[in-house]
Amino acid sequence: MELHQLVNTFGQDLQRRYGEKVHKLTLHGGFSCPNRDGTLGRGGCTFCNVASFADETAQQLSVTTQLAQRATEVNRAKRYLAYFQAYTSTYAEVEKLKAMYEEALKSADIVGLCVGTRPDCVPDAVLDLLAHYKEQGFEIWLELGLQTANDNTLKRINRGHDFACYDAVTRKARALGLNVCTHLIVGLPGDTKADHINTIDKVIETGTDGIKLHPLHIVEGSVMAKAWRAGRLDAISLDDYVESASEMILRTPAEVVYHRVSANARKPTLLAPEWCENRWLAMTGIARALNVKGVQGSLTSRRFHFPQ
C-alpha cells in the first residue's frame with residue numbers, strides 16, 4: 001500500500017472534507033523571533049537558519065501579492081490555506097496580526113489560515129483572535145514548534161521554552177476549538193529513539209490535531225553547522241529516521257492528521273544528511289516499514305479507517 005493508504009495525511013483529509021484539492025500557500029509576514037532579536041536570546045535555535053527555508057525578498061511584498069504569486073505556482077487547486085510560515089508568525093501586536101490575517105482571509109479562494117509560531121509566543125489575545133476566525137467558519141491551524149518533549153534537549157538547542165509551555169498553550173488553544181499542529185524534529189543531538197517515542201506519547205497525551213515530522217537538517221549558517229564541520233555532530237541516517245518515524249506513526253491515534261512525515265532541503269543550504277535532498281526517500285521508506293508493521297494507530301486502540 002502507498003503512504004496515503006497507511007497514514008491519515010493532511011492532503012487526503014482536506015480532500016475528504018472539501019471535496020476537492022486544497023493547497024497551502026506559504027507567506028512571509030516579515031516577522032522576527034524573540035529567540036533571535038534579544039527578547040529571549042540571540043542567535044536562535046542551534047539548528048536554525050530561517051533564511052534557508054523562507055524567501056527573504058517575499059517579506060517586502062503585500063500578503064495579497066504573495067498569495068497571487070503562490071497561487072500561480074500551484075496546479076490542480078482552486079481553494080487554499082494561507083500559511084504564515086516564516087519566523088514566529090504571532091510575534092507582533094494583535095492589531096498588526098489582525099490586519100495581515102484578514103488581508104489573507106478576504107480572498108474568496110482562501111478557506112483558512114495556518115499560523116506557524118512558538119508555544120511561548122501565543123498570548124490569550126492571539127488565541128481569541130484566531131478563535132474568532134474559527135467561529136466565522138474559517139479553517140484555522142495553530143502550528144506550534146515543539147521539536148522534542150525532552151527539556152534537556154530543548155535547553156541544549158537553545159530553544160528558549162520547555163515542554164510545560166507547549167502543553168499549556170496547546171490545551172488553551174484546543175479548548176477554544178482551534179486545531180493544533182505540532183512540529184517535531186527527529187534526530188536532534190542528545191535525543192534517542194526512546195526520546196522520540198516519549199515525545200509522541202506526551203504530545204498525544206496533551207492532545208493535538210496534527211503532526212509534522214521532520215528529520216534534523218544541518219544547514220549552512222546554523223550553530224549546528226559548525227559542530228558538524230568539526231566532527232562533533234552526526235546527521236541522522238535514513239534508516240534511523242524511518243525506524244523512529246514509523247514507530248511514532250504507529251503510536252498516533254487515527255484522528256490525528258499528519259501534515260508531513262518528512263522534509264527536504266537542497267544544497268548548498270543543506271549540509272547533511274544528503275538523503276534529505278530527495279523528498280521521496282523517507283516517504284517511501286516509511287511506507288515500506290508501515291506495510292510490514294501496520295497502519296497509523298496500530299499501537300493504539302484507534303486505527304485508521306479509510307472511507308469506502
Side-chain angles (χ1 to χ4, degrees), residues 1-16 47 141 143-150 153-154 157 163 166 180-218 233-265 270 272-307:
M1 291 188 286
E2 297 182 7
L3 185 66
H4 70 273
Q5 298 173 293
L6 300 159
V7 180
N8 186 10
T9 64
F10 193 39
Q12 68 179 345
D13 177 67
L14 291 171
Q15 180 80 42
R16 282 196 300 268
F47 59 78
W141 284 90
E143 299 203 10
L144 295 176
L146 170 61
Q147 320 313 352
T148 176
N150 185 328
T153 301
L154 290 173
I157 64 175
F163 179 80
Y166 161 84
V180 172
C181 177
T182 307
H183 290 221
L184 301 175
I185 295 178
V186 175
L188 290 168
D191 264 12
T192 64
K193 180 183 176 182
D195 289 310
H196 305 155
I197 299 305
N198 183 58
T199 290
I200 196 67
D201 287 349
K202 291 184 73 171
V203 165
I204 296 304
E205 181 182 0
T206 293
T208 192
D209 305 282
I211 292 173
K212 271 188 178 179
L213 287 185
H214 303 259
L216 175 65
H217 290 170
I218 302 171
L233 176 62
D234 293 325
I236 189 169
S237 70
L238 175 60
D239 288 345
D240 285 346
Y241 181 76
V242 166
E243 182 178 3
S244 284
S246 59
E247 289 294 328
M248 294 167 82
I249 292 168
L250 289 170
R251 302 175 77 87
T252 304
E255 65 271 18
V256 177
V257 180
Y258 269 87
H259 290 226
R260 183 176 289 171
V261 299
S262 187
N264 66 298
L270 178 70
E274 290 190 0
W275 60 265
C276 283
E277 278 201 293
N278 186 335
R279 65 190 295 260
W280 297 107
L281 288 177
M283 295 169 65
T284 301
I286 290 168
R288 187 180 299 115
L290 292 177
N291 268 303
V292 174
K293 298 177 180 179
V295 301
Q296 177 179 331
S298 292
L299 295 183
T300 73
S301 60
R302 292 163 287 181
R303 299 191 179 193
F304 185 55
H305 298 286
F306 295 87

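Start at 1 with the first residue, then count along the sequence. Please read these numbers as outputs of a predicted model, since none were measured by experiment.
Partners of His183 according to the ring-ring contact (aromatic ring centres under 6.0 Å, His included) rule, which considers only residues two or more places apart in sequence or in another chain, are His214. Judged as a side-chain hydrogen bond (donor to acceptor under 3.5 Å, both in side chains), and not counting sequence neighbours, the contacts of Ser237 are Asp240. Applying the side chain to side chain contact (heavy atoms under 4.5 Å, CB included) criterion to Arg279, with sequence neighbours excluded, gives Asn264. The side chain to side chain contact (heavy atoms under 4.5 Å, CB included) check on Leu281 picks up Leu238, Trp275, Asn278, with sequence neighbours excluded. The side-chain hydrogen bond (donor to acceptor under 3.5 Å, both in side chains) test applied to Asp239 returns no partner, not counting sequence neighbours. Residues forming a side chain to side chain contact (heavy atoms under 4.5 Å, CB included) with Thr182 (at least two apart in sequence, or on another chain): Leu146, Tyr166, Val180, Leu184, Val203, Thr208. In terms of the side chain to side chain contact (heavy atoms under 4.5 Å, CB included) criterion, residue partners of Ser244 (sequence neighbours excluded) are, by chain and number, Val186, Lys193, His196. Applying the side-chain hydrogen bond (donor to acceptor under 3.5 Å, both in side chains) criterion to Tyr241, with sequence neighbours excluded, gives no partner residue. Not counting sequence neighbours, Glu277 has no partner by the salt bridge (charged side-chain N to carboxylate O under 4.0 Å, His left out) test.
A distance of 8.5 Å separates CG of Asn291 from CD of Gln5, quoted to the nearest 0.5 Å. Annotation: the span from Glu205 atom CD to Ile200 atom CD1 amounts to 12.5 Å, rounded to 0.5 Å. Atoms CD1 and CG, on Ile286 and Leu213 in that order, are 7.0 Å from each other to the nearest 0.5 Å. Taking OH of Tyr258 as the reference point, atom CD1 of Ile249 lies at 5.0 Å (rounded to 0.5 Å).
For residues 195-204, the set of pairs meeting the salt bridge (charged side-chain N to carboxylate O under 4.0 Å, His left out) definition, not counting sequence neighbours, comprises Asp201-Arg251. Judged as a salt bridge (charged side-chain N to carboxylate O under 4.0 Å, His left out), the pairs with a partner in residues 208-217 (not counting sequence neighbours) are, in order, Glu143-Lys212, Arg174-Asp209.
Between Asn198 and Asn150, every side-chain heavy-atom pair lies at or beyond the 4.5 Å cut-off.
Although no hydrogens or angles enter the test, the distance criterion places no donor-acceptor pair under 3.5 Å between the side chain of Glu243 and the main chain of Ala289.
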Check against side-chain contact (heavy atoms from CB on, under 4.5 Å), Met1 and Leu290
CA-CA 9 Å; Met1 291 188 286; Leu290 292 177; over 6 Å; no
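Exactly one residue among Asn8, Leu14, Thr9 makes a side-chain contact (heavy atoms from CB on, under 4.5 Å) with Val257. That residue is Asn8. Only one option out of Thr148, Thr199, Asp191, Thr192 pairs with Thr153 in a side-chain hydrogen bond (donor to acceptor under 3.5 Å, both in side chains); it is Asp191.
Summarising the geometry of Ala254 relative to Gln296, their closest heavy-atom pair is O-NE2, 3.6 Å, with the distance given to 0.1 Å.
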